[in-house]
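Remarks on the structure that follows.
Reminder, nothing fancy here: chain letters follow the sequence lines and each chain counts from 1. Not measured: the values here are computed from a predicted model.
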Amino acid sequence: MTRRSLSAAFAATAVIWGGASYADISPADIVWEDEIAIPASLTGTPGDPAAGAEAFSSRSIGNCLSCHVNSDMPEHDFQGDIGPPVDGAGARWSEAELRGIVSDAKRMFPDSMMPTFYNDNPDDYIRPGEAYTARAYNPETFSTLLTAQQVEDVVAYLMTLTDW
Amino acid sequence: AVLSSTAFADPHPDAELIIEGELHIATRAEPPEHLGGVFPEIYSGWLFRTDETRALQMDDFDNPGLLFAERGEDRWELAEGTANQSCADCHGDVESMAGVRAVMPKVNENGELWSLQNYINNCRTERMGADAWGWNSEPMKDVTSLISLQSRGMPVAVKIDGEAAEFWEKGREMYYTRFGQLELSCANCHEDNWGRMIRADHLSQGMSNGFPTYRLKNATIVPLHQRFRGCIRDTRGESFAEGAQEFRELELYVSSRGLGLPIEGISVRQ
Ligand code: HEC
Ligand code: HEC
Ligand code: HEC
């Protein structure tokens, strides 16, 4: 059993509440629509836009602000301008498309500079490292850049960005 | 107000690097032909820095990197090793090193690609009978700073054909490789997005003519390979070691992107 299917199995037995039982959808098990969108929630738990905003700005979580201007966050001085402003993203894209972009933007935008935030397979990368240490990755701990719930939170936050 | 980023975009339009009010060092040049038109003009990283940081490099008294070169002068004269000889004993005045930094890295007589540090350590171990200096060690920083200063104002002139060609090709390939979990290549940041902001950082064209650099953030000299390491670290990638074959090849290729830009001696960056 691989490490990933193991952790999926743990998640399946561990996360039970409200009578329903959900397991996070692992990156390998995502069901894509038209190769670019993800209609189903990765967790079954609705995203929290406030937590998503925090993940968007935090350098240690999504750090999306390093590449995107977001005028919903004037309190953050330094906003990168590598990608387009995300203003109005919630009006431009469907929730399924945003889930696809946040999980693996290179499907919607081939060769994009935007990192893949939901992929835990080190074999897909060239010299993946142990976070920002410049050392080789640890196969025991290598994980997605955002957790499944953080993807849901960020998507929920982006859906609130309807003005542009 | 949010868009503080756009206020910083692009290199400074007309700043001139004039050291001590007299030595004019060009910070813009015609791009080398091998770049195939990816840049309209090539720029020193100096043009992308703030007014304050740029000013530090215009005054040798304010440039903290010069202290390293000063210490390097003492080391140049210091006899060491089983041969009890100093650099000066064989090379005479350090001015004899003029032009050396501008052609590094280069292929040695055994067909290996060597950086300045390799040549220095070869003299230490083979000629002086002394210990090799670590790539990022204090004595290495001091002496490479001193030697670089002798080429101040001389254009980067690395050789990329002949025996150097295979190394250059490998360096080129590396430059376009998307490393790490963030899958970012040198080109993603320094070719496709120079002039833009990546959060608080203003992206330059990633030129190497300013090295060794005194980095205010580190409060010390940062050798080029250490900068490479930092840039690969920022891709959430596994770096190569300073001095590794891969980094010497990358050094050759990166240097060749700046062919024609003058060596700054010891630059100051934030
Ligand atoms: C290293 C740069 C980088 C980072 C970090 C980054 N992005 Fe992007 N993003 C891009 C680029 C470039 C594009 C434009 C797509 C392309 O490549 O053509 C983009 C596109 C997008 C789009 C679609 C833009 C539109 O038209 O509305 C959204 C939404 C988005 N990103 C959200 C995010 C979120 C959320 C994060 C963090 C979790 C993030 N990005 C992190 C570079 C980045
Ligand atoms: C994630 C973006 C990113 C990537 C990828 C990246 N760099 Fe950098 N690099 C920077 C930033 C930010 C700086 C500091 C500001 C500047 O000078 O651009 C920098 C600085 C440099 C400098 C110093 C320039 C100067 O004048 O002081 C060099 C040289 C350099 N990078 C080379 C490289 C090489 C070679 C690679 C590939 C191995 C690379 N970079 C990959 C972001 C990046
Ligand atoms: C015993 C004599 C001797 C001593 C001592 C010595 N060198 Fe050398 N060095 C040489 C010779 C010979 C060469 C190869 C011929 C040449 O390029 O001048 C050389 C080459 C070099 C080169 C390469 C120059 C080029 O253009 O390729 C550098 C740099 C250098 N030495 C630096 C130093 C430093 C720094 C020291 C002291 C730490 C030192 N050397 C001590 C004899 C010496």
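Within 6.0 Å of CD in A:Glu75 there are more than 12 heavy atoms belonging to other residues, nucleotides or ligands. B:Asp14 CG: more than 12 foreign heavy atoms inside a 6.0 Å radius. The environment of CD in B:Glu30 is sparse: at most 12 heavy-atom neighbours from other residues, nucleotides or ligands sit within 6.0 Å. No more than 12 heavy atoms of other residues, nucleotides or ligands sit less than 6.0 Å from atom CD of A:Glu35. A 6.0 Å sphere centred on CD of B:Glu173 holds no more than 12 heavy atoms belonging to other residues, nucleotides or ligands.
Rounding to the nearest 0.5 Å gives a distance of 9.0 Å between CD of B:Gln181 and CG of A:Asp120. Remark: A:Ser57 OG to B:Arg199 CZ distance equals 6.5 Å, nearest 0.5 Å.
With a 4.5 Å cut-off on side-chain heavy atoms, A:Tyr132 and B:Leu182 count as touching. With contacts defined as side-chain heavy-atom distances shorter than 4.5 Å, the pair A:Met113/B:Cys189 qualifies.
With chain B as partner, the option from A:Leu65, A:Thr116, A:Ile82 having the largest number of non-hydrogen pairs under 4.5 angstrom is A:Ile82. When each of A:Arg59, A:Glu130, A:Arg135, A:His68 is scored by its heavy-atom pairs under 4.5 Å with chain B, the top score falls to A:Arg59.
Looking at B:Arg196, its side chain never comes within 3.5 Å of a backbone N or O of A:Gly80 through a donor-acceptor pair.
If you measure heavy-atom distances from A:Asn63 to chain B, the contacts under 4.5 Å come from both the backbone and the side chain. Only the side chain of B:Thr177 comes within contact range of chain A, with heavy atoms under 4.5 Å apart.
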task = Just do the side chain to side chain contact (heavy atoms under 4.5 Å, CB included) check on B:Glu183 and A:Tyr125 with the steps written out, would you?
result = CA-CA 7 Å; B:Glu183 296 176 280; A:Tyr125 301 100; 3.5 Å; yes
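Annotation: residues 217-236 of chain B contacts chain A through B:Arg229, B:Arg233, B:Asp234, B:Arg236 [non-hydrogen atoms, separation under 4.5 Å].
Between A:Ser112 and B:Arg178 the shortest heavy-atom distance is O-NH2, 2.8 Å. A pairwise comparison of heavy atoms in B:Ala200 and A:Phe78 identifies CB-CG, 3.6 Å as the closest pair.
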